[in-house]
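Below, each value reflects all heavy atoms present in this structure, side chains not excepted, and no hydrogens, waters or symmetry copies. Everything quoted here is computed from the prediction, not taken from an experiment. So you know, we letter chains A, B, ... as the sequences are listed, proteins then strands, and number each from 1.
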2 protein chains.
Amino acid sequence: MSMTKRGIGMSEVSSGDALLFLTDEQLRQGIEAMFFAYRGFTSAPDAILEGLDYGRAHHRALHFIARVPGMNVKRLLEILGVTKQSLNRVLRTLIEDGLVESRVGTADKRERHLYLTETGAALESRLSDAQRRQMRAAYRQAGPDAVAGFRQVLEAMMEPRMRSTYGSLRDGGA
Amino acid sequence: MSMTKRGIGMSEVSSGDALLFLTDEQLRQGIEAMFFAYRGFTSAPDAILEGLDYGRAHHRALHFIARVPGMNVKRLLEILGVTKQSLNRVLRTLIEDGLVESRVGTADKRERHLYLTETGAALESRLSDAQRRQMRAAYRQAGPDAVAGFRQVLEAMMEPRMRSTYGSLRDGGA
DNA sequence: ACCTTAAGTCAGTGTTGTTGACATTCCAAG
DNA sequence: CTTGGAATGTCAACAACACTGACTTAAGGT
C-alpha cells in the first residue's frame, strides 16, 4: 500500500496512478482517519477536565484567551463559531471562578477585554501541556515532512473564513 | 505498514532548526489547525442533515454500517466509542425509519447484524459524497506528498486502540 | 436625537453524550 | 441440563453544549 510520490500538475484530469490519492477509497480512509484522530486529539485535555466542573467548551475559551490576551468577546465568538448565549454560559462560570478577568475596554467602553488570571493561566497550562505532549508525540513519530503535509491539508480543509482567522492568529495575535 | 525512514535521528535533543516543527508555537498551531479544520470537515454533511431529523451521530452510524455491512452492534460500539444507550437511540430511529435493517445473527443468535436498506444507502451516499467532495478539494489543493504526511500524522495521533480499529477497517472490513 | 453595536440575560428546545437498573436471549462450561 | 455470563435492548434521569428568539443596558457613531 504505497503512496505515490510524483510531483504532478494538479490540472491533469484523473486517469493514471498519479491521482490515486483521490480515489473514493483513499478519501474515505482520510475521512475515517480524521474521525479517529480527533478523538485522540481531545482525549488528553478531556481527561484533565474530568472531575473539574469544566468541559471542552471551557478549554477552548481558555485556549484562545491565552493565545490573544485582551481579546474582546466579539472576536472570541467569531473564532469559536458559537452563539453568544452559548459562550456566555461558559465565560460566566470562568469569570465567577476567577479564571478569567473581564475588563471594560479603554477605547470603546462597550467592549469587554478578556484576560486569564494566574489561576486561569495555570489551568490553561495544564491543559495545553497535555495536548501538546500528545501532539508532539505524533509529530515526532511522523517526522517533519509529514508534519508539513499535515498542516497543508488541514489548512485546505478549513472554510475560508476560518482559514483567515487561523492565519491571523498564526502571525501575530490581536 | 511502512513508517518513513527519516534522515534525522529523533533521539537528538532539540537544538538546531531540524526540530523546529516541535516548538511549542508550532505545536500550538497544529492544535488550532486541527480545531478549525475539523469544523470544515463536518460542515458539508451537517448542512445536509439540517432539516432532516438526523444529526452527526446518525451520519457516523450510517457511515460505518455502509463500510462494513453486516457488522454487529458490539463492533459498531467499539468503533464509535459511545455507550450502547447512546447508540441505541440513534440506531432505533434509523431502523424505525427504514434506513437500517437489523438481522439476527446466524452463528450467534444474540447478535444483531446491521445493514443499510436502499433508502439508507441513498442517504449515506449523499452524505458521503458531500464529505468526499470537501476532502477531495483539500487533497487536490495540498497535493499527494502533503496527503501522505497528513495521513501519517493522523495515524500517529490516534489512540492505540483506535489505530488498530482504523487499520482493520482499512484493509478488509469485517 | 436616532440608529447601531457590544455585551449580557432569560426562557425554551434539541442533540448527543453519560449512569444506573433491569429484562431477554442465548452460548458454553460445569 | 443447569447455570453463569455475554450480547442486546430498554427505561429513566441527567449533563454538556449547542441553538433560536426576545429583550435590556450601555456606549458608540452620525
Practice task
Record whether the side chain of A:Gln85 comes under 3.5 Å of the base of D:dG21 through a donor-acceptor pair of N or O atoms.
Solution key: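 Yes.
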Do any N or O atoms of the protein come closer than 3.5 Å to N or O atoms of nucleotides 23-29 of chain C, and which pairs are they?
none

Under 3.5 Å side-chain donor-acceptor pair for [X] and [Y]:
X        : Y       : result
A:Glu32  : B:His63 : yes
A:Glu159 : B:Ser43 : yes
A:His58  : A:Thr93 : yes

Using only side-chain N and O atoms of [X], determine if any of them is under 4.0 Å from OP1 or OP2 of [N].
X       : N      : result
B:Thr83 : C:dT18 : yes
B:Arg60 : C:dT16 : no
A:Ser86 : D:dC17 : no

Handout entry: Interatomic distance, A:Arg75 atom CZ to A:Leu80 atom CG [nearest 0.5 angstrom]
Key =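 Answer rounded to 0.5 Å: 11.0 Å.
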Problem - Nucleotide nearest B:Arg92 when distance is taken to its side chain, options C:dA6, D:dT8, D:dC11 - result: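 Taking heavy atoms from C-beta onward, the closest nucleotide is D:dC11.
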Practice task
With the side chain of A:Asn88 defined as its heavy atoms from C-beta on, choose the nearest nucleotide among C:dG8, C:dA7, D:dA18.
Solution key: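 Nearest to the side-chain atoms of A:Asn88, counting from C-beta on, is C:dG8.
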What is the distance, to the nearest angstrom, from the [atom1] atom on [X] to the [atom2] atom on [N]?
X        : N      : atom1 : atom2 : answer
A:Glu50  : C:dT19 : CD    : C1'   : 12 Å
A:Leu94  : C:dG8  : CG    : P     : 13 Å
A:Leu114 : C:dA6  : CG    : P     : 14 Å
A:Leu80  : D:dC19 : CG    : P     : 10 Å
A:Leu91  : D:dC17 : CG    : P     : 13 Å
A:Leu77  : D:dC17 : CG    : C1'   : 15 Å
A:Asp53  : C:dT18 : CG    : P     : 19 Å
B:Arg39  : D:dA18 : CZ    : P     : 10 Å

Handout entry: Ionic contact status for A:Glu25 with B:Arg67, cut-off 4.0 Å
Key =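 A salt bridge links B:Arg67 with A:Glu25.
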Practice task
Scan A:His58 against the nucleic acid and name what it touches under 4.0 Å (heavy atoms): base, sugar-phosphate only, or nothing.
Solution key: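 Here A:His58 touches the backbone only, sparing every base.
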Please enumerate all protein N or O atoms sitting under 3.5 Å from an N or O of nucleotides 13-15 of chain D, with distances to 0.1 Å.
none

Practice task
Would you mind listing every salt bridge (charged side-chain N to carboxylate O under 4.0 Å, His left out) that reaches into residues 79-98 of chain B, with sequence neighbours excluded?
Solution key: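 Qualifying pairs: none.
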Handout entry: Parallel, tilted or perpendicular, as decided by the 30° and 60° cut-offs, for the rings of B:Phe36 and A:Tyr166
Key =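 Plane angle over 60°, so perpendicular.
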Exercise for the section: Tell me, please, whether B:Tyr115 has B:Arg103 positioned over its six-membered ring: NZ or CZ under 6.0 Å from the ring centre and within 45 degrees of its axis? Expected result: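 Yes - B:Arg103 lies over the ring of B:Tyr115, closer than 6.0 Å to its centre and within 45° of its axis.
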Handout entry: Ring-face cation contact, B:Phe35 with B:Arg39, 6.0 Å cut, 45° max
Key =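 The answer is yes; both the distance and angle limits are met.
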Practice task
Please examine the side chains of B:Tyr54 and B:Leu94, heavy atoms only from C-beta on, and report whether any two atoms are closer than 4.5 Å.
Solution key: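 When only atoms from C-beta onward are counted, B:Tyr54 and B:Leu94 do touch, with a gap below 4.5 Å.
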